[in-house]
Engineer: 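The structure is given below, and queries will be raised subsequently.
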2 protein chains.
Amino acid sequence: MRQKRITLKDIARETGVHVSTVSRALDPVERKSITEEVASRIQAAADALGYRPNRIAAGLRTNRTMTVGVMIPDITNVIFPPILRGIESVLEPLGYASIIVNTDSERDRESRLVDVLRDRGVDGIIHAAVLRSDPSIARAAAEGLPVVTLNRMVENSQIPYIINDEDAGICEMLRHLRDLGHRDIAHLAGPQDLSTGQLRLAAFRNAAATLSLEFRPDLVATARRFDEQEGARGIRDLLASGRTFTAVLCANDRLALGAIDELREHGIDCPREVSVTGFNDMPFLDLIRPRLTTVRILQHSAGQTAATVLLQLMNGDKAEDIPMETILPVEIVVRESTAPAGSLVRS
Amino acid sequence: MRQKRITLKDIARETGVHVSTVSRALDPVERKSITEEVASRIQAAADALGYRPNRIAAGLRTNRTMTVGVMIPDITNVIFPPILRGIESVLEPLGYASIIVNTDSERDRESRLVDVLRDRGVDGIIHAAVLRSDPSIARAAAEGLPVVTLNRMVENSQIPYIINDEDAGICEMLRHLRDLGHRDIAHLAGPQDLSTGQLRLAAFRNAAATLSLEFRPDLVATARRFDEQEGARGIRDLLASGRTFTAVLCANDRLALGAIDELREHGIDCPREVSVTGFNDMPFLDLIRPRLTTVRILQHSAGQTAATVLLQLMNGDKAEDIPMETILPVEIVVRESTAPAGSLVRS
DNA sequence: GTGAAAGCGCTAACAC
DNA sequence: GTGTTAGCGCTTTCAC
């Protein structure tokens, strides 16, 4: 019952011309090389028969599938869907579809998935993973496959990357806390095998120097995952250490949320006693009390930008026209989880 | 610089056999028809050269692309990512990749996207949209393309569908409210052009009958979108009508969240004065106070089930082996937003 | 058990 | 301006 598709051959038979003529008539650029009358007759027949081009066949011939691969750690992480919509918003109108794969931040899975995408002949890959280094994607790029990375860069490679200005985000946030009078500021760092975790810790250290604040390694707790449980654990560790602090700058929102919860468990009020800040500005944040002060990143734009650069690569634009580095601005969003420094936690 | 791929021909040249022999040696089922020695020599050469099959070419020949299409309304809606992971969890190990498209619940976009998927030769489509009817997907199915729908059924079609037992969810929730002593129970209904909105309203009406509660049309407010703003507006309308109620059963979590917020604006405490319930049990719900009592649906399982049924269809299983209807169980999750009925709101 | 040959649907040289 | 031809990389029928 699987109905057979209408092919160029069917239209050729119907209109009495050769397949190649049909092919040309239906190709917007080649169409001008065909008598208008014939072209429109062909077009009419195609419409009447309900012709749909077989992109598989075209792809085999042209080596362009009009498909791109998008690699992300995990689609259930709320920061990625907006990025995907951003990518789609530029690629889809141009006729591209995307194959999205989840790496779960596992190295071997990641390189397997690169192969999966290449086997399917994707015209390019947008790689929004968070692993710090990744040979397979670099190899693909070196072999000539258009690749751009999002959120991180691959060292020693010619792969264009789009990142958020995390340094600025962390620095502005630290400045915000300093301006509120905080001096003993803890940092709840993310996993150090993820680029975001590592970058933000480095940014925190640099920002402290910039702002003439003392960097206190003993006030840094490192999470093993970017989730609420680890945020809570970080606070517990900090509290258990007996150190004193009036603010906690967290490497992402979920750590911050866990931190606030754990502080509450210990009878410590945020923001009255301890200020807490996040990073990412994930959805639904304004429904959670206290509303979190955080760093907003431009997820949708990041996706759009990545797609735009990938297009340039796929179009074979001149190397000098392709931006190797794009740093997107971030902004801090001050809500309710930060307040002027009050009495120190514990004595 | 785009490196040329290794093809069967290269391996054939390398090993001194014919391409068709190489093809057979590399095909797990055909391999047995080849002398083991030759087969392993070919395998070795393939590995050495780093051969990767070109699925585009194979697809053109076999009419199977090992790619499925997945249509959802909007990936940024948190209920969909888990469904996608569920789908992926069964399809990916079998070598399938998926092309995900967002319909934005627009009819014309939806039918265009069906074509986009078919042009790419997907082997099947999982359609998790929420529009009530949709001719294009029905047509595709009628023409023999394997299709299954998630969350809704297409009337008068032979398309297998997977739905959640929403009737039971609404009924259990209403029972929960009744058991807490509530009698004047409002319903914040979802958009009536979406199947979930319509189904849940019908379920509410039926459940009222089942539980011997009066169904009060004047206590039903209908949202235009499934979001917090509309939840708030629904409550405003209900309050403005001067009607009295002690509980609000909402058609989804976001409406419920907006409702609770708006009640608070009016100085009405949830759950002390009015109980509010949601539907979906979306992520992060346990971070929002009061923690919402809601209906949990099995998103991951729904995806897995849809993928499994699609596989049966794609494998050409006998019709009687393919479940036309799968109703997944739901469970109510009682948290903090419901409490015994107290004094009525307003007098 | 292996080779030869055809062909999936399309595009792109080249011919006329 | 249109037809002819070849071929993308693979699978599969048919020989031997």
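Throughout, a chain's letter reflects where its sequence line sits, starting with A, and its residues are numbered from 1. Only a predicted model underlies this, so the values are computations on that prediction, with no experimental measurement involved. Computation of the quantities below employed the complete heavy-atom set of this structure, encompassing side-chain atoms and omitting hydrogens, waters and symmetry-equivalent molecules.
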Engineer: Does a nitrogen or oxygen in the side chain of A/Tyr51 sit under 4.0 Å from OP1 or OP2 of C/dG9?
Structural biologist: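 The answer is no; no side-chain N or O of A/Tyr51 sits under 4.0 Å from OP1 or OP2.
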Engineer: Are there over 12 heavy-atom neighbours, none belonging to A/Asn156, within less than 6.0 Å of that residue's CG?
Structural biologist: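 No, not enclosed.
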Engineer: Check the side chains of A/Thr67 and B/Arg120 for a donor-acceptor pair under 3.5 angstrom, ignoring hydrogens and angles.
Structural biologist: yes
Engineer: Please report the distance, rounded to the nearest Å, between CZ in B/Arg118 and C1' in C/dG9.
Structural biologist: 16 Å
Engineer: Which nucleotide sits closest to the side chain of A/Thr35: D/dG9, C/dT2, D/dG1?
Structural biologist: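 Within the option list, the nearest is D/dG1.
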Engineer: Closest-nucleotide mapping onto DNA chain D: is A/Gly16 or A/Arg61 further toward the 5' terminus? I mean the 5' end.
Structural biologist: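 With A/Gly16 and A/Arg61 compared, the 5'-side residue is A/Gly16.
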Engineer: Quickly work out the A/His18 NE2 to C/dA15 C1' distance and round it to whole Å.
Structural biologist: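 My rounded result for the distance is 12 Å.
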Engineer: Would you mind classifying the nucleic acid contact of A/Ser33 as base, sugar-phosphate or nothing, using non-hydrogen atoms under 4.0 angstrom?
Structural biologist: base
Engineer: Between B/Glu143 and A/Arg52, is there a side-chain N and carboxylate O pair less than 4.0 Å apart?
Structural biologist: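 Salt bridge between B/Glu143 and A/Arg52, a charged N being under 4.0 Å from a carboxylate O: no.
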Engineer: Tell me the interatomic distance from B/Ile56, atom CD1, to C/dC10, atom C1', rounded to whole angstroms.
Structural biologist: 13 Å
Engineer: Over all strands shown, is B/Ser23 touching base, sugar-phosphate only, or nothing at heavy-atom distances under 4.0 angstrom?
Structural biologist: base
Engineer: For A/Lys9 and C/dA6, what is the distance between atoms NZ and C1' respectively, to the nearest whole Å?
Structural biologist: 12 Å
Engineer: For the pair made of CG in A/Leu49 and C1' in C/dG9, what is the distance, rounded to whole Å?
Structural biologist: 16 Å
Engineer: Given the structure, check if the side chain of A/Arg24 and the base of D/dG3 hold any donor-acceptor pair shorter than 3.5 Å.
Structural biologist: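 It does, because a donor-acceptor pair links the side chain of A/Arg24 to the base of D/dG3 below 3.5 Å.
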Engineer: Whole Å only: how far is the CZ atom of B/Arg41 from the P atom of C/dT2?
Structural biologist: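 So the two atoms are 9 Å apart, to the nearest Å.
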Engineer: Going by an N to O cut-off under 4.0 Å, is there a salt bridge joining B/Glu37 and B/Arg41?
Structural biologist: yes
Engineer: In whole angstrom, give the distance that lies between atom CD1 of A/Ile34 and atom P of D/dT2.
Structural biologist: 5 Å
Engineer: A/Ser20 near the nucleic acid: base, sugar-phosphate alone, or nothing, with a heavy-atom cut-off under 4.0 Å?
Structural biologist: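 Counting heavy atoms under 4.0 Å across all strands, the contact made by A/Ser20 includes a base.
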Engineer: Rounding to a whole Å, what distance do you find between A/Leu60:CG and C/dG7:C1'?
Structural biologist: 12 Å
Engineer: Are A/Arg13 and A/Asp10 ion-paired here, with the side-chain N under 4.0 Å from a carboxylate O?
Structural biologist: yes
